[in-house]
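The structure appears below as structure tokens.
So that the names make sense, note that chain A is the first sequence line, chain B the second, and so on, each numbered from 1. The shown structure was predicted, so the numbers you read here are calculated from the model rather than taken from an experiment. Scope of the values below: all heavy atoms of this structure, side chains included, with no hydrogens, waters or symmetry mates.
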Amino acid sequence: MQHWLMKSEPTVYSIDDLERDKVTSWEGVRNYQARNFMRDDMQIGDLVLFYHSNASPPGVAGIGKIVREAYPDNFAFKKDHKYYDSRSTSEKPLWFMVDVGFVGKFKNLISLDQIKNEKALEGIMVAKKGSRLSVQPISEAHFKHICKMADYK
DNA sequence: GCCAACGTTGGC
DNA sequence: GCCAACGTTGGC
């Protein structure tokens with residue numbers, strides 16, 4: 001089993017939205033590296049750090065899990081939709097998405113600042129300068145450490 | 001709102 | 001295949 005960090009802007013879709021919905025489809029990823037992680041490596045049961053990007057402060061807001069493995073991002077087929085991409089067809093889909101289920105919300109958000117200042121999290125991808133990847137693998141140790149910082153479970 | 005860092009596109 | 005121009009991400 002692998003661990004992941006997935007970014008979402010809370011003004012678009014937050015951990016509270018996921019708690020309400022229980023499950024959501026993770027459409028709109030339009031980056032090849034992120035797509036490959038979702039399509040090739042994500043498995044049902046993998047745990048996800050739900051990260052609030054473009055927020056004040058940005059940080060990890062809670063936990064999700066993969067409940068459905070990659071399938072074609074059908075928003076890419078919808079003309080006039082902002083995720084439409086004419087290069088992607090149902091015969092030969094270019095973009096993929098997974099479904100993410102709600103697991104838990106942190107009592108307090110673990111901010112990017114805290115993450116950067118935590119010795120045990122040295123080298124974590126999300127703290128690297130200019131890390132824009134919206135789907136990132138994370139080591140189990142780092143994952144667990146962030147849960148511990150959040151006093152989660 | 002600014003802008004640095006990055007990924008993608010397209011002319012050559 | 002290079003690389004300038006462009007668009008986007010996301011912290012600040």
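- Rounded to whole Å, atom P of B:dA5 lies 19 Å from atom CG of A:Asn31.
- Proximity note for A:Ser53 (side chain, C-beta onward) versus C:dG10, C:dC12, B:dG7: the nearest is C:dG10.
- There is no side-chain donor-acceptor pair under 3.5 Å between A:Glu9 and A:His52.
- Counting to the nearest Å, the C1' atom of C:dG11 and the CD1 atom of A:Ile124 are 16 Å from each other.
- Closest to the side chain of A:Ser134, from the set C:dC12, B:dT8, C:dG10, is C:dG10.
- In this structure, A:Arg20 pairs ionically with A:Asp17, as a charged nitrogen and a carboxylate oxygen lie closer than 4.0 Å.
- When heavy atoms are screened at a 4.0 angstrom cut-off, A:Arg87 is found touching the sugar-phosphate backbone but no base atom.
- In summary, A:Arg30 and A:Asp73 engage in a salt bridge, as defined by a charged side-chain N under 4.0 Å from a carboxylate O.
- Atoms CD (A:Gln33) and P (B:dC6) sit 12 Å apart, rounded to a whole Å.
- As rounded to whole Å, 7 Å separates atom C1' of C:dG11 from atom NZ of A:Lys116.
- Side-chain polar atoms of A:Asp46 and A:Trp4 form a donor-acceptor pair below 3.5 angstrom.
- Counting atom types as modelled, A:Arg30 pairs no side-chain N or O with a base atom of C:dT8 as donor and acceptor under 3.5 Å.
- One interatomic measurement links the two molecules: CE of A:Met125 to C1' of C:dG10, which rounds to 16 Å at whole-angstrom precision.
- Of the candidate nucleotides C:dG10, B:dC6, C:dC12, C:dG10 has the atom nearest to the side chain of A:Asn54.
- The interatomic distance linking A:His52 (NE2) with C:dG11 (P) rounds to 12 Å, in whole Å.
- The CG-C1' distance, from A:Leu112 to C:dG10, rounds to 10 Å in whole Å.
- Closest approach to the A:Tyr32 side chain among B:dT8, C:dG10, B:dA5 is made by B:dT8 (side chain taken as heavy atoms from C-beta onward).
- Among the protein residues, A:Lys128 comes within range of no part of the nucleic acid, since none of its heavy atoms lies under 4.0 Å from any strand.
- Straight-line distance from the CZ atom of A:Arg132 to the C1' atom of C:dT8: 6 Å, rounded to whole Å.
- A sub-4.0 Å separation between OP1 or OP2 of C:dG10 and a side-chain N or O of A:Lys7 is present.
- With sequence neighbours excluded, no residue forms a ring pair (Phe, Tyr, Trp, His ring centres under 6.0 Å) with A:His142.
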